[in-house]
Amino acid sequence: ELKVEQNPLFLSMQEGKNYTIYCNYSTTSDRLYWYRQDPGKSLESLFVLLSNGAVKQEGRLMASLDTKARLSTLHITAAVHDLSATYFCAGGNNNNDMRFGAGTRLTVKP
Amino acid sequence: SQTIHQWPATLVQPVGSPLSLECTVEGTSNPNLYWYRQAAGRGLQLLFYSVGIGQISSEVPQNLSASRPQDRQFILSSKKLLLSDSGFYLCAWTRDSKDYGYTFGSGTRLTVV
């Protein structure tokens, strides 16, 4: 069974700074997802990464996937307060399901 | 376009009472359907998934059950709720193709008292 670990679990950063969230997974997975969750809300899909070396960017967020290292990263550039949320990575399991990391609670302070 | 509906949004139930949460998907056929639970401040735990009518895979042994009576309907049930069943329940769907992410419903916040 696929296990997914994220770090850090809590991240407090100042506006304008850069930071990276890491997502390691235990076994071979052919797909990796990133989601955002605002407090009390559902999950919103951010990125779907399907191949080694895949890189996707949306605004101040950029996600990448290294299947050999079993590592995905979510890089935040010049953070703004609106990015405050919990970010989850999830890996595709053997069957048709997805296993989540514990989430990274990001707080961006002025 | 495809949409996913989940209800109710909020539910407060006494211990020992039954539960029925419903999820429906519109605008697609033969979706893969999932039930996840999120405890307060925690990650998501996969409870059940279904790849077709009447096909249910259970990931966690517990007092919950799931059913898929129709192609685009997924129901989460319990005969007797426990305090530990409290949480945020999320339904999700995806196409069979792996190129797409999962789309989540708006969630049901269940409090067992």
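Just so it is clear, the values below take in all heavy atoms, side chains as well, and ignore hydrogens, waters and symmetry mates. Chain naming here is simple, since letters A, B, ... match the order of the sequence lines and numbering starts at 1 in each.
Hydrophobic clustering keeps B/Ile4 apart from B/Val51 (ILVMFWY residues linked when any side-chain heavy atoms are closer than 4.5 Å, directly or through intermediates). Hydrophobic clustering places A/Leu49 together with A/Leu2 (ILVMFWY residues linked when any side-chain heavy atoms are closer than 4.5 Å, directly or through intermediates). Side-chain heavy atoms closer than 4.5 Å link hydrophobic residues (I, L, V, M, F, W, Y) into clusters, and following such links, possibly through other members, connects B/Leu76 to B/Leu81. Note on B/Tyr49: it does not cluster hydrophobically with B/Trp35, by side-chain heavy-atom contacts below 4.5 Å among ILVMFWY residues. Following chains of ILVMFWY side-chain contacts shorter than 4.5 Å, one can reach B/Val15 starting from B/Leu110, so the two form part of one hydrophobic cluster.
Note: B/Gly105 leads B/Ser57, B/Ala92, B/Gly105 in heavy-atom pairs under 4.5 Å with chain A. Comparing A/Ser42, A/Pro39, A/Gly40 by how many heavy-atom pairs each has under 4.5 Å with chain B, the most go to A/Ser42.
Within the 4.5 angstrom heavy-atom criterion, only side-chain atoms of B/Gln38, from C-beta onward, approach chain A. Residue contact with chain B, scored on non-hydrogen atoms closer than 4.5 Å, is absent for A/Phe47. Within the 4.5 angstrom heavy-atom criterion, only side-chain atoms of B/Leu90, from C-beta onward, approach chain A.
With a 6.0 Å radius and a threshold of 12 heavy atoms from other residues, nucleotides or ligands, B/Gln2 has its CD atom above the threshold.
The contact list for residues 100-110 of chain A toward chain B, using heavy atoms and a distance under 4.5 Å, reads A/Phe100, A/Gly101, A/Ala102, A/Arg105 by residue number.
Between A/Phe88 and B/Arg42 the shortest heavy-atom distance is CZ-O, 4.0 Å. Of all heavy-atom pairs between B/Phe88 and A/Gln37, the closest is CE2-NE2, 3.9 Å.
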Exercise. Would A/Met98 and B/Tyr34 satisfy side-chain contact (heavy atoms from CB on, under 4.5 Å), going step by step from the backbone distance to the final call?
Worked result: CA-CA 9 Å; A/Met98 182 171 54; B/Tyr34 306 84; over 6 Å; no
Exercise. What do the steps show when you test B/Phe104 against A/Tyr35 for ring-ring contact (aromatic ring centres under 6.0 Å, His included), and what is the final call?
Worked result: CA-CA 10 Å; B/Phe104 284 84; A/Tyr35 290 87; 5.5 Å; yes
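Atom OH of B/Tyr102 sits about 13.0 Å away from atom CG of A/Leu43, to the nearest 0.5 Å.
The salt bridge (charged side-chain N to carboxylate O under 4.0 Å, His left out) search around A/Arg99 returns A/Glu1, A/Asp97, B/Glu59, not counting sequence neighbours.
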